J.: 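Below is a structure I'd like to ask you about.
Reckoned from all heavy atoms, side chains included, excluding hydrogens, waters and symmetry mates. Lettering of chains follows the sequences in order, A, B, ..., and the numbering in each one begins at 1. What you see is a predicted model; the values in this text were computed from it and never measured.
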Amino acid sequence: MPEPPLKDPTPLQTNYIPQNIEYREQEIEALRDVFSNESVSQNLFIHGPQGTGKTHVTHLTLQEIDNKCYVDCSKHDTQYKALKQVLQQLTGEKIGDGYHTSDLQRKLVEKTGVLDTVVILDEIDFLLLNDGDDLLYFLTRMETRGQTGLVLISSNHEDLKNKIEERTYSSLQPRRIGFEPYTAEEAFQILLKRAQKALTDQSLQKAALTYITATTQNITAGLYWLKHAAETTNSVITESHTQDVQEQAFEKYAGHLLSHFSEHHRLLYQAVQELDVENNSINTGDIYTRYEELCKTYNENTLSKRRLSDFLKHLELLDLIEAEYHYGGQEGKTRDVKLASL
DNA sequence: CATCCACCGGAAATGTTGGGAC
DNA sequence: GTCCCAACATTTCCGGTGGATG
């Protein structure tokens with residue numbers, strides 16, 4: 001009687017951080033370099049596609065540093081919300097709304113005091129859609145006796161310089177570290193290590209894993225795929241089984257990316273998905289019409305076009321869609337949208 | 001060279017919420 | 001409580017875009 005393949009799901013979860021991260025020696029070295037001997041020597045800008053280990057490498061390398069805080073800016077996308085997050089982590093106190101931003105800024109200056117502090121701002125692009133520039137300017141100019149080191153992480157832009165104002169960039173002066181996508185072989189080895197811990201012996205066919213890592217080198221997506229494949233079979237994970245569950249697995253991955261966004265983000269994404277099946281090029285107006293229909297069927301109130309235009313940008317930053325912008329021309333000023341997939 | 005496409009995206013307006021001072 | 005203020009989500013308003021077309 002064959003047993004189910006999954007014995008411990010933990011190593012297949014995306015928040016599981018292995019003790020050593022492979023194929024990232026140079027990047028780890030570069031980070032250690034900046035944070036050596038207990039003092040912060042420079043700000044950092046880390047960029048690279050999704051699922052290339054940016055966040056994991058940062059967490060692992062800065063494990064030893066006490067006075068640090070980590071903010072996921074896709075959840076905390078304004079100066080106020082990010083500052084609140086930073087303060088809560090540094091002090092352990094709950095902070096409510098209703099203060100002025102300058103109050104939070106003053107509190108932060110007090111709390112950092114003489115200590116060196118590291119602030120990690122992940123998914124920085126979401127912050128830059130709003131008043132992120134002001135926050136970065138404040139943090140780089142903040143007058144405290146200790147050093148403040150910033151680590152900015154982006155999945156979407158290789159260059160920070162043209163995303164922020166010159167005065168901000170010039171006081172930031174970050175060192176840039178780029179993460180290249182893994183090769184299929186590297187992705188294979190990484191997922192194999194995790195699979196060996198999570199799955200029972202002989203339960204994963206080599207061809208199955210080869211298929212996954214040839215399709216996507218995004219480790220996060222690969223983990224969702226592998227985990228879903230393991231959960232949906234009672235015997236061995238075969239290549240054809242991984243192919244069968246490919247779409248469902250991507251659906252799970254997309255659900256994970258959208259989990260802390262609004263219901264309207266999900267409806268909007270569903271609208272794009274549905275239209276993508278029918279057409280090969282979609283523009284914004286059609287998407288909005290389909291979104292309105294979906295709102296009706298799910299009994300949700302519809303948000304305005306302007307608002308949804310911003311949400312569409314969020315989906316683009318998450319790499320769930322690809323958009324080509326036309327600023328005028330025969331078709332008018334619009335976006336051509338395509339669904340992204342594994 | 002005027003017109004048109006179709007909506008981008010900035011800015012101001014609106015309504016809600018919570019903190020602080022009285 | 002009441003008043004004022006700021007942050008925030010969202011709506012409303014609208015000027016602007018640039019290549020094709022006539």
J.: State whether a side-chain donor-acceptor pair under 3.5 Å links A:Ser74 with A:Asp72.
T.: yes
J.: Which class fits the ring pair A:Phe261 and A:His314: parallel under 30°, tilted 30 to 60°, perpendicular over 60°?
T.: tilted
J.: Please name all residues satisfying side-chain hydrogen bond (donor to acceptor under 3.5 Å, both in side chains) with A:Lys193, sequence neighbours left out, ordered by chain then number.
T.: A:Glu22
J.: Go through DNA chain B in 5' to 3' direction and return only the first and the last nucleotide with some atom under 4.0 Å of chain A's heavy atoms.
T.: B:dC5 to B:dG20
J.: Got a second to check how far A:Lys161's NZ is from A:Ser170's OG, nearest 0.5 Å?
T.: 9.0 Å
J.: So for atom CD, which belongs to A:Gln202, do other residues, nucleotides or ligands contribute more than 12 heavy atoms lying within a distance under 6.0 Å?
T.: no
J.: Could you tell me which residues satisfy side chain to side chain contact (heavy atoms under 4.5 Å, CB included) with A:His228, sequence neighbours excluded, listed by chain and number?
T.: A:Glu231, A:Thr232, A:Val245, A:Gln248, A:Ala249, A:Lys252
J.: Output the residues of residues 265-292 of chain A in contact with DNA chain B, where contact means a heavy atom of the residue under 4.0 Å from an atom of the strand; sort by number or write none.
T.: A:Thr284, A:Gly285
J.: With sequence neighbours excluded, tell me which residues meet side-chain hydrogen bond (donor to acceptor under 3.5 Å, both in side chains) with A:Lys107.
T.: none
J.: Which pairs would a plain distance check flag for residues 118-134 of chain A, meaning a side-chain donor or acceptor within less than 3.5 Å of a matching protein atom at least two apart in sequence or in another chain?
T.:
residue	atom	partner	partner atom	Å
A:Asp122	OD2	A:Thr55	OG1	2.7
A:Asp122	OD2	A:Tyr70	OH	2.5
A:Asp125	OD1	A:Ser154	OG	3.4
A:Asp125	OD1	A:His157	ND1	2.6
A:Asp125	OD2	A:Ser154	OG	2.7
A:Asp125	OD2	A:Asn156	ND2	3.4
A:Asn130	ND2	A:Asp77	O	2.7
A:Asn130	ND2	A:Asp77	OD2	3.4
A:Asp131	OD1	A:Gln79	N	2.8
A:Asp133	OD1	A:Thr168	OG1	2.7
A:Asp133	OD2	A:Glu165	N	2.9

J.: Apply the hydrophobic cluster definition, ILVMFWY joined by side-chain contacts under 4.5 Å directly or through others, and give me every member besides A:Tyr325.
T.: A:Tyr327
J.: Treat each ILVMFWY residue as a node, draw an edge where side-chain heavy atoms are under 4.5 Å apart, and state whether A:Leu223 and A:Leu192 are in one component.
T.: yes
J.: Can you tell me if A:Gln196 has over 12 outside heavy atoms packed within less than 6.0 Å of its CD?
T.: yes
J.: Please list residues of residues 329-340 of chain A whose heavy atoms come under 4.0 Å from any atom in DNA chain C, ordered by number; otherwise none.
T.: A:Gly329, A:Gln330, A:Lys333
J.: Check DNA chain C against residues 87-106 of chain A and give the residues with a non-hydrogen atom under 4.0 Å, in numerical order.
T.: A:Tyr99, A:His100, A:Thr101
J.: State which residues pass side-chain hydrogen bond (donor to acceptor under 3.5 Å, both in side chains) with A:Thr10; sequence neighbours excluded, sorted by chain then number.
T.: A:Asp8
J.: Going by the salt bridge (Lys or Arg N to Asp or Glu O under 4.0 Å) test, which pairs reach into residues 261-277 of chain A, not counting sequence neighbours?
T.: A:Glu263-A:Arg266, A:Glu274-A:Arg290
J.: Quick one: label A:Lys81 by what it contacts on the DNA or RNA (base, sugar-phosphate, nothing), any heavy atom closer than 4.0 Å.
T.: sugar-phosphate
J.: Taking the six-membered ring of A:Tyr16 as reference, does the NZ or CZ atom of A:Arg194 fall below 6.0 Å from its centre and within a 45° cone about the axis?
T.: no
J.: How would you give the extent of chain A contacts on DNA chain C, as first and last nucleotide 5' to 3' within a 4.0 Å heavy-atom cut-off?
T.: C:dA6 to C:dT21
J.: Distance only, no hydrogens: is a donor on one side chain within 3.5 Å (strictly under) of an acceptor on the other, for A:Asn162 and A:Tyr169?
T.: no
